[in-house]
Novice: 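Sharing a structure with you now.
Each chain gets a letter, A, B and so on, in the order the sequences are listed, and its residues count up from 1.
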Number of protein chains: 2
Amino acid sequence: MAGSAAYAGSVHLADELRARGVRVTQPRQLVWDVLSDHGGHLSAAEVAQRVQARDRGVNQSSVYRALALFAELDLVRESRTGNDSATTWELSHPDGVIHLVCDVCGTVLHHRTNRVEQLRSDLAANATFTATAIDVHVTGRCPTCAG
Amino acid sequence: MAGSAAYAGSVHLADELRARGVRVTQPRQLVWDVLSDHGGHLSAAEVAQRVQARDRGVNQSSVYRALALFAELDLVRESRTGNDSATTWELSHPDGVIHLVCDVCGTVLHHRTNRVEQLRSDLAANATFTATAIDVHVTGRCPTCAG
DNA sequence: CTACTTGCAAATTGTTTGCAGACCT
DNA sequence: AGGTCTGCAAACAATTTGCAAGTAG
């Protein structure tokens with residue numbers, strides 16, 4: 001649960017898992033590959049679909065279990081991005097990267113800001129709350145859809 | 001969908017609804033009362049339970065429908081706060097109020113910060129994205145649960 | 001009046017679980 | 001070998017929907 005994992009974008013899954021005494025398996029590897037290759041947000045169903053495109057025999061539950069495991073290890077992050085019901089998943093970000101979700105086309109842009117770190121220090125100074133994770137979620141219009 | 005509603009805390013529901021040509025009904029009024037009286041986050045199920053404590057005959061679906069309606073009118077906000085599966089609801093906040101969710105006891109604190117407005121101007125300046133709503137979600141430990 | 005809302009019960013959807021067999025290490 | 005994972009199918013929980021009857025304006 002600690003934020004100690006290396007930036008997930010550069011992680012070699014097998015090493016990371018073995019280092020933590022967790023087994024490396026085909027379903028887990030495929031879930032990881034799909035998320036890295038895609039680079040953005042995917043729902044569990046989308047991940048499953050893409051995984052199954054590569055190996056027909058992998059079951060949905062294994063995808064869910066792999067995602068939950070990776071989240072536990074801080075390798076991926078669950079984010080309730082959509083107006084939709086399904087939650088989405090992507091590789092963990094370094095701190096300070098936030099999500100800009102377009103209301104119109106639905107794409108999710110990433111944006112680096114130091115406001116997150118500033119907020120973190122504000123809170124630390126106040127001693128009102130010990131922040132672990134800070135999640136910023138902006139909705140609006142992307143450059144393409146603004147008009 | 002615009003952020004034009006008055007601060008929900010001071011809204012008189014009947015007026016607000018009538019002004020928009022939406023009918024004022026018992027279920028809607030009760031859902032509103034429950035949320036105002038409670039002042040914080042409630043799941044749909046909790047709202048339903050409290051509504052039914054006041055009027056036995058109100059159905060869950062009406063609660064869901066009222067919440068969806070109010071969200072549409074920007075009077076309440078849906079927030080996927082919990083580690084739990086259910087989404088929670090509360091009256092809309094003025095901009096710049098963020099949520100601090102304690103990992104341990106689950107309570108949700110509210111915190112006023114100007115970092116949100118700063119971020120908003122940053123984005124406006126960049127012209128990378130036209131922000132409508134900015135949602136900040138902090139997890140960590142509240143004063144009581146910090147060790 | 002009459003279109004908008006509700007209550008009800010059944011249908012969906014997303015996610016989780018129990019278990020016997022398969023597979024990393 | 002031995003405990004960790006997986007596939008499968010069934011269980012669950014939250015939310016949504018269709019429709020006849022009720023009610024606000």
Novice: Look at B/R50 together with B/D37 and state whether they make a salt bridge at an N to O cut-off of under 4.0 Å.
Specialist: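 Between B/D37 and B/R50 there is no salt bridge, as every charged N stays at least 4.0 Å from the carboxylate O atoms.
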
Novice: Within this structure, what is the CD-to-C1' distance between B/Q60 and D/dA14, rounded to whole angstrom?
Specialist: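 Whole-Å distance recorded here is 9 Å.
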
Novice: Between the side chain of B/E90 and the main-chain N/O of B/L35, is any donor-acceptor distance below 3.5 Å?
Specialist: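 Not confirmed, B/E90 side chain does not pair with B/L35 backbone.
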
Novice: Show, in sequence, the C-alpha distance, side-chain angles and deciding distance for B/R28 and B/F70, and conclude whether the side-chain contact (heavy atoms from CB on, under 4.5 Å) test is met.
Specialist: CA-CA 9 Å; B/R28 286 173 180 170; B/F70 294 162; 4.1 Å; yes

Novice: Go through the steps to decide whether A/R112 and A/E117 satisfy the test salt bridge (Lys or Arg N to Asp or Glu O under 4.0 Å), and finish with yes or no.
Specialist: CA-CA 11 Å; A/R112 175 82 184 75; A/E117 284 128 60; 3.2 Å; yes

Novice: Give a yes or no on whether a salt bridge exists between B/D95 and B/R120, defined as a side-chain N under 4.0 angstrom from a carboxylate O.
Specialist: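 Yes.
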
Novice: Quick one: does A/R54's side chain have a donor or acceptor within less than 3.5 Å of a partner on A/L30's backbone?
Specialist: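 Checked: no pair found.
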
Novice: B/R28 CZ to D/dG22 C1': how many Å, rounded?
Specialist: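 After rounding, the reported distance stands at 14 Å.
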
Novice: Rounded to the nearest Å, what distance is computed from the CG atom of residue B/L30 to the P atom of nucleotide C/dT5?
Specialist: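 In whole Å, C/dT5 P and B/L30 CG are 16 Å from each other.
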
Novice: Would you give a per-nucleotide map of nucleotides 19-25 of chain C, 5' to 3', where B means the base has a protein non-hydrogen atom under 4.0 Å away, S means only the sugar-phosphate does, and - means neither?
Specialist: -----BS

Novice: What does B/A44 touch in the nucleic acid at a heavy-atom separation under 4.0 angstrom: a base, only the sugar-phosphate, or nothing?
Specialist: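 Sugar-phosphate only.
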
Novice: When you look at B/D33 and B/Q29, which way does the side chain to side chain donor-acceptor pair (under 3.5 Å) test go after all the steps?
Specialist: CA-CA 6 Å; B/D33 293 347; B/Q29 185 66 58; 3.0 Å; yes

Novice: In whole angstrom, what separates A/R56's CZ from D/dC8's C1'?
Specialist: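 Distance check: A/R56 CZ to D/dC8 C1' gives 14 Å.
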
Novice: Rounded to whole angstroms, how far apart are CZ on B/F70 and C1' on C/dT5?
Specialist: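 B/F70 atom CZ is separated from C/dT5 atom C1' by 13 Å.
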
Novice: Among D/dT17, C/dT5, C/dT15, find the nucleotide with the atom closest to the side chain of A/Y64.
Specialist: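 Nearest nucleotide to the side chain: C/dT15.
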
Novice: CG of B/L69 versus P of C/dC4: gap in Å, rounded?
Specialist: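 Those two atoms, CG and P, are 14 Å apart.
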
Novice: If only side-chain N and O atoms of B/S62 are considered, is one of them under 4.0 Å from the OP1 or OP2 phosphate oxygen of C/dG7?
Specialist: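 So the side chain of B/S62 is within the cut-off, an N or O lying under 4.0 Å from OP1 or OP2 of C/dG7.
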
Novice: Contact class for A/S43 vs. all strands (heavy atom < 4.0 Å): base, sugar-phosphate, or nothing?
Specialist: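 Counting heavy atoms under 4.0 Å across all strands, no contact is made by A/S43.
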
Novice: Once you round it to whole Å, what is the distance between P of D/dG25 and CG of B/D15?
Specialist: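 It works out to 12 Å between those atoms.
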
Novice: Tell me: CG of A/N59 to C1' of C/dT16, nearest whole Å?
Specialist: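 Answer to the nearest Å: 12 Å.
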
